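Order of the sequence lines sets the chain letters (A, B, ...), proteins ahead of strands, with each chain counted from 1. Predicted model only: the values in this text are computed from it and were never measured. Computation of the quantities below employed the complete heavy-atom set of this structure, encompassing side-chain atoms and omitting hydrogens, waters and symmetry-equivalent molecules.
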Protein chains: 2
Amino acid sequence: MPKDTFYNLPQEKRERIIEAALMEFEDNSFDQASTNKIIEQSGISKGSFYQYFEDKKDLYKHLIQLMVEAKLKYITPAMQNPFNHDFFEVIHDMNEAGLKFAVDQPRFLKIGSRLMQDKNHVLYREIIAENQDRAFEAYRALVKNAMDRGELRQDLDVDFTARTIFIMSSEIVTFATNGSFETLTEDITEILDKLMNLLAYGIKKTEGKND
Amino acid sequence: MPKDTFYNLPQEKRERIIEAALMEFEDNSFDQASTNKIIEQSGISKGSFYQYFEDKKDLYKHLIQLMVEAKLKYITPAMQNPFNHDFFEVIHDMNEAGLKFAVDQPRFLKIGSRLMQDKNHVLYREIIAENQDRAFEAYRALVKNAMDRGELRQDLDVDFTARTIFIMSSEIVTFATNGSFETLTEDITEILDKLMNLLAYGIKKTEGKND
DNA sequence: AAGTCATGTGACTCTATAGTCATATTTTAA
DNA sequence: TTAAAATATGACTATAGAGTCACATGACTT
């Protein structure tokens with residue numbers, strides 16, 4: 001958590017620092033990112049930096065915090081009463097929200113992805129691990145619920161299915177953006193349709209053939 | 001490519017160096033890995049290191065080379081006449097080989113995964129990118145072929161399908177190993193069955209319902 | 001005007017890095 | 001035995017990192 005001094009700063013200066021930090025962490029992992037560069041870029045002094053933040057990690061965690069807040073704004077609407085809506089519709093909407101976030105906030109996405117990548121890093125455990133678990137649990141509950149309601153095949157392994165969907169949801173972004181995180185290669189709707197289709201006819205209880 | 005001096009070394013010494021390098025690169029990304037530590041660990045002098053290798057990258061690429069060779073030994077058998085065998089059987093066998101490699105050679109896997117993660121790194125482009133493309137092309141060809149033979153639904157998007165399978169194949173290892181890369185959490189056969197099942201009933205042209 | 005508290009500063013410490021080079025040792029050849 | 005070629009060495013260079021600290025400046029209070 002940044003110190004009070006940081007929050008007392010005029011908005012303009014605060015934004016300059018965040019901007020510089022985003023730039024640095026966008027292109028570098030936590031360890032490789034340089035506080036010196038952030039300081040230079042934002043035009044504050046070394047001393048000031050440590051008046052605002054405990055250390056490098058403090059600043060980094062603040063950025064992640066901002067990212068989580070931003071992402072929640074996208075995801076929340078899709079999560080209203082998820083147990084009463086059609087399973088595939090919920091999954092669809094969540095992925096759609098995720099993709100929109102990816103397109104609108106490429107820098108946040110980039111920083112987030114970088115963090116997710118190094119699963120061995122201390123920060124991964126500190127920040128991501130628990131959130132990942134919570135997200136996975138949400139998927140698990142959705143799958144279980146949909147199975148109970150007869151929307152999905154009864155012979156599915158709940159955990160395996162939830163994990164597959166969870167991973168596919170994480171990967172759909174890379175699918176869609178070519179890894180550059182800045183522009184969409186294909187139309188969101190089209191991608192989601194293909195994904196849902198592939199998923200559904202492996203999961204959905206189906207009466208006859210379908211194509 | 002290591003220098004001649006390296007290959008002239010007695011096998012024991014060469015192995016000591018490789019061993020130390022594996023240890024270091026297993027736990028650290030290319031940038032974070034320390035040549036100093038490798039030197040210490042293997043008991044050679046700084047000067048000698050640079051008699052054996054051009055630089056850090058040279059050593060690293062050599063390790064990757066060893067990894068590729070090791071992995072090929074696993075994968076090759078599954079790739080014999082892939083166009084004449086059942087599509088799902090080929091995919092199954094390839095994934096099985098990949099999983100076995102993961103269990104037998106956890107250090108190689110770890111180093112490889114680490115490299116795959118940082119898609120922005122120069123080394124990624126230098127080493128992985130082209131191989132990934134080639135691997136993806138292989139999947140694409142398999143899918144196309146299986147569609148032509150009527151094994152798969154005719155309305156599939158070849159690229160999307162190939163990419164999904166490709167990604168699922170990469171992720172199956174994380175599925176199976178809990179991210180620790182050292183022990184399998186579940187039985188390989190079981191995991192593969194679930195994966196193939198989930199995949200098949202979204203792809204395979206099916207006459208009736210199935211469960 | 002004097003004093004107090006929050007904020008700003010950059011030179012400095014300590015640590016670590018990759019890579020170099022002059023010199024020493026060992027091996028091979030004549 | 002001698003000369004030359006290959007290999008070994010570690011102190012050293014140059015660079016960069018995160019974080020500290022004694023001091024300076026500004027603002028607000030009494």
Side-chain angles (χ1 to χ4, degrees), chain A residues 1-64 114 118 121-123 126, chain B residues 1-18 20-64 114-115 118 121-123 126:
Chain A
M1 233 179 53
K3 299 180 184 175
D4 289 343
T5 332
F6 179 66
Y7 290 108
N8 293 340
L9 250 35
Q11 200 192 348
E12 183 273 321
K13 194 170 186 178
R14 226 163 43 216
E15 278 171 2
R16 232 171 51 224
I17 296 168
I18 294 298
E19 182 63 22
L22 284 173
M23 272 178 63
E24 185 64 13
F25 283 110
E26 203 181 337
D27 294 337
N28 302 285
S29 70
F30 175 77
D31 291 304
Q32 282 184 278
S34 157
T35 49
N36 287 340
K37 293 224 180 87
I38 295 171
I39 283 155
E40 250 175 67
Q41 179 64 32
S42 56
I44 62 169
S45 71
K46 197 93 194 226
S48 286
F49 182 90
Y50 287 92
Q51 299 263 21
Y52 305 149
F53 307 99
E54 290 296 340
D55 49 22
K56 188 176 162 183
K57 195 159 97 179
D58 191 26
L59 164 59
Y60 184 71
K61 281 190 167 180
H62 180 57
L63 292 185
I64 299 294
R114 215 177 273 282
D118 199 352
H121 202 289
V122 204
L123 276 171
E126 261 183 66
Chain B
M1 233 180 53
K3 299 182 184 174
D4 288 342
T5 331
F6 179 67
Y7 290 109
N8 292 340
L9 248 37
Q11 200 191 347
E12 183 273 322
K13 194 170 187 179
R14 227 164 41 215
E15 277 171 3
R16 232 169 52 222
I17 296 168
I18 294 299
L22 284 173
M23 273 178 63
E24 185 63 14
F25 284 110
E26 204 181 336
D27 295 336
N28 301 285
S29 70
F30 175 77
D31 290 305
Q32 282 184 278
S34 157
T35 50
N36 288 339
K37 294 225 180 85
I38 294 171
I39 283 155
E40 251 175 65
Q41 179 64 34
S42 56
I44 61 169
S45 71
K46 198 87 193 233
S48 286
F49 182 90
Y50 287 93
Q51 298 262 23
Y52 305 149
F53 307 100
E54 290 296 340
D55 49 25
K56 189 177 163 181
K57 195 159 97 177
D58 190 27
L59 164 59
Y60 184 71
K61 282 191 167 179
H62 180 56
L63 292 186
I64 298 295
R114 216 176 271 282
L115 173 60
D118 199 351
H121 202 290
V122 204
L123 275 171
E126 259 182 69

Distance test, side-chain N/O of A:S45 to OP1/OP2 of C:dG10, below 4.0 Å: no
Hey, does A:K56 reach any base, or is it just sugar-phosphate, or nothing, if we go heavy atoms under 4.0 Å? sugar-phosphate
Working to the nearest 0.5 Å, report the span between CG of B:D31 and CG of A:N28. 9.0 Å
Base, sugar-phosphate, or nothing: which does A:K3 touch, judged by heavy atoms less than 4.0 Å apart? nothing
Atom-pair distance (CZ on B:F53; C1' on D:dA8), nearest Å: 15 Å
To the side chain of B:S34, which of C:dA18, D:dT7, C:dT9 is closest? C:dA18
Would you please confirm or rule out a distance under 4.0 Å between OP1 or OP2 of C:dA6 and any side-chain N or O of A:N8? no
Measure OH/A:Y50 against P/C:dT13 and give the value in whole Å, please. 17 Å
Could you check how far CZ of B:F49 sits from P of D:dA8, rounded to whole Å? 14 Å
Its contact letters, B for base, S for sugar-phosphate only and - for none at protein heavy atoms under 4.0 Å, make nucleotides 22-30 of chain C read ---------
Distance in angstrom units between A:N36 CG and C:dT13 P, rounded: 16 Å
Using whole Å, report how far CG of A:D55 lies from P of D:dG17. 17 Å
Does any N or O in the side chain of A:K56 come within less than 3.5 Å of the main-chain N or O of A:A33, such that one atom is a donor and the other an acceptor? yes
Counting only heavy atoms from other residues, nucleotides and ligands, does the tally under 6.0 Å from CD of A:Q11 exceed 12? no
Rounded to whole Å, how long is the line connecting atom CG of B:L59 with atom P of C:dA18? 11 Å
Is there a donor-acceptor pair under 3.5 Å between the side chain of B:E24 and the backbone N or O of B:T35? no
Parallel under 30°, tilted from 30 to 60°, perpendicular over 60°: which one fits the rings of A:F6 and A:H62? perpendicular
Check the distance between D:dA18's P and A:E40's CD and give it to me in whole angstrom. 11 Å
Could you check whether the side chain of A:K46 and the base of D:dA18 have a donor-acceptor pair of N or O atoms closer than 3.5 Å, going by distance alone? yes
At 4.0 Å (heavy atoms only), tell me whether B:F6 reaches a base, stays on the sugar-phosphate, or touches nothing. nothing
Categorize B:S48 for me: base, sugar-phosphate, or nothing, with a 4.0 angstrom heavy-atom threshold over every strand shown. base
Just say parallel, tilted or perpendicular for the rings of A:H121 and A:F30, cut-offs at 30° and 60°. perpendicular
So what does B:K57 touch, heavy atoms closer than 4.0 Å: a base, only the sugar-phosphate, or nothing? nothing
So, does A:T5 get its side chain near the phosphate of C:dT7, meaning an N or O under 4.0 Å from OP1 or OP2? yes
Return yes if some donor-acceptor pair links the side-chain N/O of A:S42 with the main-chain N/O of A:A20 below 3.5 Å, else return no. no
Compare every heavy atom of A:K3 with every heavy atom of A:Q51, then report the nearest pair and how far apart it is. O-CD, 3.2 Å
From NZ of A:K37 over to P of D:dA16, roughly how many Å is that when rounded to an integer? 8 Å
